[in-house]
Amino acid sequence: MKKKTFYITTPIYYPSDKLHIGHSYCTVATDVMARYKRMRGFDVMFLTGTDEHGQKIEEKAAAAGVTPQEYVDNIVAGIKKLWQLMNISNDRFVRTTDDYHVESVQKIFKELYDRGEIYKGSYKGKYCTPCESFWTESQLVNGKCPDCGRDVKDAEEEAYFFRLSKYADRLMKFYYEENPTFIEPVSRLNEMVNNFIKPGLEDLCVSRTTFTWGIPVTFDPGHIVYVWVDALSNYITALGYGNEKYHDYEKYWPADVHFVGKEITRFHTIIWPAMLMALELPLPKKVFGHGWLLLEGGKMSKSKGNVVDPVVLCERYGVDAIRYFLLREFPFGSDGVFSNEALITRINADLANDLGNLVSRTLSMGERYFGQLVPQDRRFITPDEQLVAMLDNVREQYSNLMETFTFQSALAEVFKVISRANKYIDETEPWVLGKNSDETDRLAAVIYNLLETIRICATLLVPFMPDACNKIFAQLGCPADECGYEKAIYYANTGYCINKKENLFPRIDLKKELELLEQHKAEKTAKAAPVAPPPCNKTSEEPKVEGVISIDDFMSVKLIVAKIADCVPVPKSDKLLQLALDDGSGKSRQVVSGIHAWYEPEALIGKKVAIVANLKPAKLRGVMSEGMILATDIGDAARVLFIDDAIPCGARIR
RNA sequence: GGCGGCUUAGCUCAGUUGGCUAGAGCAUUCGGUUCAUACCCGAAGUGUCAUAGGUUCAAAUCCUAUAGCCGCUACCA
């Protein structure tokens, strides 16, 4: 009989930098699920990989003075090493620079084009003639070419578009009728529908000519396949769709679940299904958007310099402890706050005190009273029943929760049993039984029950902590290959051969360890400082007072005086005004402001206002805005803060 | 601005379709035990279940409003 298959994926990670604990979180969760399904007898395909193309990689490589390929090879080697360290059991690792992937993507792109799902259109933007470069509005710096700073002119560029818009109805039908559990958690479904589907989907630009590091469009030189088709299709190219490298597309597709970060659920629940519809291929069964690991300061990000390095943690506390912590501490669908203190507290309480200590005390009593072998002559009595009842039920409770990716609760069920076993020792007092030779058969039963508890729990914990559990099996004297899921019930094993070794999870000195980690972090940021331009994290060591900022924080906002030289409404907009400002620089500054409801252009021209001069430029309704006019709200109305005409344009406000 | 979500013990959170004195873990205090990794077991708790109304025999659980926080998004900038 053929085994049932289970295909599970992580996102393919972008190798522009080293990965942090957040990436580990997703990959460990996927690994646990893959191991669990293998344990349940499934033929599992577990895929992870890297998304290696794009402009950012191209730039990073140039900055590092290497080719893009050299750059990604280096980073990817580190990623593979990390997964090895973290005991990730992926069956395949796809790189978007792999030949077979490139070949498949080119075929898919052509196929979509031939089917009329991709059409050639034009993409409006700006062109810098001297640089021969095409830029989008958002790439311009102060409306000028970001390379040379010269003026740019309107231009249209050819690009390919995918007919995403025509799939809105089919997607809605798919979400609500064909596969109501496609998107999880469900709150994400609402976001997708309300924010994207209902307002109307737009066709998607799927090619670029602004960079070269990517997969060329075979039938149109100069065009590069943009990330959507390139990256998303990894889930099928890695099974051999459109290539001869692998041959198990038929076997594993459609995927049982894509685990993705919540920030990319949109791509996986709208664009990816639409692409597959266009190709007339089956859709994945489920997309699960998991939460983020936050730090006390907020989101983890390289620019904040607050990333947590999984390698350091694994080396210090062991891979299994980290894997356990990640899935025990945080509900998989929501965000969680990561802290070293929570990590160590969790390891001590659950792994050292409860599980590790249970193994330790059970085995040393077993050895003390019986040597290695627990006598077969055992007297079971009524007080055993509570523990045994839990052993009879835990496997099912656990698997019900695992099937819905509720790892946190699945682990909690197992640890309830571990706790009960510790209590059982207190109740039965084996050390008293051990003093009375008439009680040997009773003592044998107690020790046996404890060994059964440990064996069953360890079996269920294997997906989370493979190494530690195998060590437990070794110390129990029952071969790991005889500790499968089907044996995770009471009385499935009757003989034990105790062989106690060193403790599984040493207790950690919380205070000492926190100091060490802090020190480690300080050294690291000190080392990193010369490389990275000192960004906004310079005050991170100072105690932060809530609601209070430093003078430096304030001075980072550049407020200046400017005169409104001209003002017109933004076309097709009812709230926006487009202002031409004299900011004293000699050049005109364009700012868009949402105040048309309260001010007519004529009322503003000639007035002086305060503006934020160093605000990141943004495009509003297609018009560039290089700053912000200061205003205040009175009730529902906005009032602009006008400045005394005697103050010159460009004057700094502080 | 729109849509969605959250607000429960000092901390982190559970609380199924409204129903017995609102729970768990961690931390705290006290007691027990000694097999064990200064561990384990037991006990004690503290809660205006964000605020104000409403529906109901009965609401943490449903409805309305308000406040704070968060997510996505936008003609915020």
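So that the names make sense, note that chain A is the first sequence line, chain B the second, and so on, each numbered from 1.
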In Å and rounded to the nearest 0.5 Å, what is the CH2 to CZ distance from A/Trp228 to A/Phe267?
4.0 Å
Proximal nucleotide (of B/C35, B/C72, B/C41) relative to the A/Trp431 side chain
B/C35
Side-chain donor/acceptor of A/Asn422 to base of B/C40, under 3.5 Å:
no
Is there a side-chain contact between A/Lys501 and A/Lys471, using heavy atoms and a 4.5 Å cut-off?
no
Sorted by position of nearest nucleotide on RNA chain B, 5' first, the leading residue of A/Asn348 and A/Val592 is A/Asn348
Side-chain donor-acceptor pair present, A/Arg378, A/Asn449, cut-off under 3.5 Å:
no
If pairing means Watson-Crick or G-U wobble with both distances under 3.5 Å, then the partner of B/G71 is B/C3
Look at A/Arg455 together with A/Glu452 and state whether they make a salt bridge at an N to O cut-off of under 4.0 Å.
yes
Is A/Arg368 near enough to B/A36 that one of its side-chain N or O atoms lies under 4.0 angstrom from OP1 or OP2?
yes
Is there, by distance only and without an angle test, a donor paired with an acceptor across the side chain of A/Asn190 and the base of B/G5 below 3.5 Å?
no
Does A/Asp582 use its side chain to pair, donor to acceptor, with the backbone of A/Gly584 at less than 3.5 Å?
yes
Check every strand shown and say whether A/Pro506 touches a base, only sugar-phosphate, or nothing at a heavy-atom separation below 4.0 Å.
base
With a non-hydrogen cut-off below 4.0 angstrom, is A/Phe415 in contact with a base, only sugar-phosphate, or nothing?
nothing
What does nucleotides 6-17 of chain B look like as a protein-contact string, B for base, S for sugar-phosphate only, - for none, at under 4.0 angstrom between heavy atoms?
------------
Between A/Phe196 and A/Arg507, which has a closest nucleotide on RNA chain B that is more 5'?
A/Arg507
Pick out which of A/Asp467, A/Ile347, A/Leu351, A/Leu461 makes a side-chain contact (heavy atoms from CB on, under 4.5 Å) with A/Asp320.
A/Asp467
Between B/C70 atom P and A/Glu263 atom CD, what is the distance in whole Å?
19 Å
